[in-house]
Protein chains: 2
Amino acid sequence: MTILAEPPPHTDTLAHNHQQCVDDALKIADQLCTERGVQLTAIRQQVLALIWESHKAVKAYELLDRIKPLQAAAKPATIYRALDFLLAQGLIHRVESLNAFVGCSCSGHQHEQLLLICKQCEQVEERMAAGVMQVLAEEFRQAGFSAHSKAIEVHGLCRRCSQL
Amino acid sequence: MTILAEPPPHTDTLAHNHQQCVDDALKIADQLCTERGVQLTAIRQQVLALIWESHKAVKAYELLDRIKPLQAAAKPATIYRALDFLLAQGLIHRVESLNAFVGCSCSGHQHEQLLLICKQCEQVEERMAAGVMQVLAEEFRQAGFSAHSKAIEVHGLCRRCSQL
DNA sequence: TTGTGGATGTTATAATATAACTGATGGCAC
DNA sequence: GTGCCATCAGTTATATTATAACATCCACAA
Ligand SMILES: [Zn+2]
Ligand SMILES: [Zn+2]
Ligand SMILES: [Zn+2]
Ligand SMILES: [Zn+2]
């Protein structure tokens with residue numbers, strides 16, 4: 001269980017205490033994997049930690065570059081396998097419109113999420129948006145469609161960037 | 001202005017008269033481009049017609065293969081340029097979660113759309129879903145987020161495929 | 001004529017993702 | 001212990017998706 005030691009250079013440190021975000025995410029991941037009897041191996045944890053270096057969505061090959069100091073042998077498959085695992089466990093989300101990945105900020109409970117993606121600062125805000133999901137469900141019902149998975153992604157300017 | 005002559009082999013002919021879909025789409029595209037003073041060139045129209053061969057989302061390289069009988073010199077850039085044009089004119093939509101493209105069934109009026117994507121028959125149904133958009137807008141407002149573009153895509157089973 | 005802008009041709013390469021096979025580890029039945 | 005199995009990771013190769021950069025062509029206008 002190796003965790004990155006240094007304050008990561010990629011973090012866009014905002015007003016909030018981001019280290020707390022990282023610590024929480026790793027702790028929850030650990031708990032959850034134990035409960036489920038699946039293995040949060042060193043590589044998987046490192047990838048998760050790298051994704052959590054900021055609230056930006058991260059590309060697979062960016063992760064590959066960043067993990068190399070820790071895993072010299074890393075290849076694309078190394079990353080994609082870890083991503084598959086983390087996605088399956090609901091610990092990260094795939095941002096379809098960016099071909100990128102972001103940490104799940106409500107890990108532990110299954111949920112559908114709305115992703116608000118800032119064009120300026122690139123941070124991704126995840127919202128449960130229960131109201132949206134409910135209205136969506138009504139829309140499916142009318143269409144006779146049974147939903148299995150959803151990608152609800154909105155690009156624009158976040159509050160901070162709108163105010164600049 | 002060459003239009004495909006043969007009934008296309010890719011079309012998943014349903015109960016509806018799909019030739020009507022195609023004819024309408026091409027006619028509207030033609031009108032719209034004229035109004036806007038942009039050129040719906042032969043290549044662009046052929047790509048649009050190929051996309052409309054069915055209600056499935058089509059991949060760029062699939063289009064490249066299919067256009068070669070008509071445009072022997074076609075290369076990736078040929079297709080991507082046509083797609084860029086058609087996207088800019090709102091004549092097609094990009095399906096982010098599939099890296100694929102589908103004809104817009106409400107061409108002419110700007111709109112945001114919900115895409116219902118069937119895992120079984122692969123057809124994509126486009127819905128205006130005004131109610132969903134309204135609730136979404138309320139969600140942004142609360143988050144202080146100003147939206148520029150949206151990708152709202154749901155995978156599942158369409159009515160027909162659910163009933164099988 | 002001579003440029004100008006838009007469209008396309010052409011070549012090369014970047015970026016994203018998966019397949020397929022190999023080897024290593026550790027638990028567990030026998 | 002031995003053999004077996006499942007899981008994970010290493011490795012090589014390749015498939016798929018997308019863009020960059022520069023050349024050419026042509027219609028049209030100054
Ligand atoms: Zn944070
Ligand atoms: Zn922002
Ligand atoms: Zn049709
Ligand atoms: Zn279907």
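Keep in mind that this is a model prediction, so the values were computed, not measured. Chain A is the first sequence line, chain B the second, and so forth, proteins listed ahead of strands; every chain is numbered from 1.
For D/dT7, neither phosphate oxygen OP1 nor OP2 lies less than 4.0 angstrom from any side-chain nitrogen or oxygen of A/R44.
Regarding A/L70, its CG atom lies at a distance of 14 Å from the P atom of D/dA9, rounded to whole Å. Atoms CZ (A/F85) and C1' (D/dC8) sit 11 Å apart, rounded to a whole Å. If you measure from atom CD of A/Q71 to atom C1' of D/dT11, you get 15 Å, rounded to the nearest angstrom. Computed from coordinates, the B/N99 CG to D/dA15 C1' distance equals 14 Å when rounded to whole Å. Computed from coordinates, the A/Y80 OH to D/dT16 P distance equals 15 Å when rounded to whole Å. Between B/Y61 atom OH and D/dA15 atom P there is a gap of 13 Å when expressed in whole angstrom units.
By the 30° and 60° cut-offs, the orientation of the rings of A/F145 relative to A/F140 is tilted.
Residues A/R127 and A/L116 are in side-chain contact: their nearest non-hydrogen atoms beyond the backbone lie under 4.5 Å apart.
If you walk DNA chain C from 5' to 3' and mark each nucleotide with an atom closer than 4.0 Å to a heavy atom of chain B, the marks span C/dG6 to C/dT11.
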Going 5' to 3' through nucleotides 22-30 of chain D and flagging B where a protein heavy-atom sits under 4.0 Å of the base, S where only the sugar-phosphate is that close, and - otherwise, we get ---------

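Paired runs in DNA chain C that reach 3 or more consecutive Watson-Crick or G-U pairs, where each pair keeps both distances under 3.5 Å, cover C:1-30 with D:1-30.
Along DNA chain C, the nucleotide nearest to B/K75 and the one nearest to B/Q39 differ in position, and the one closer to the 5' end is contacted by B/Q39.
A distance-only check finds a donor-acceptor pair linking the side chain of B/E126 to the backbone of B/S105 [under 3.5 Å].
For B/K119, the NZ atom is densely surrounded, since the number of other residues' heavy atoms within 6.0 Å is greater than 12.
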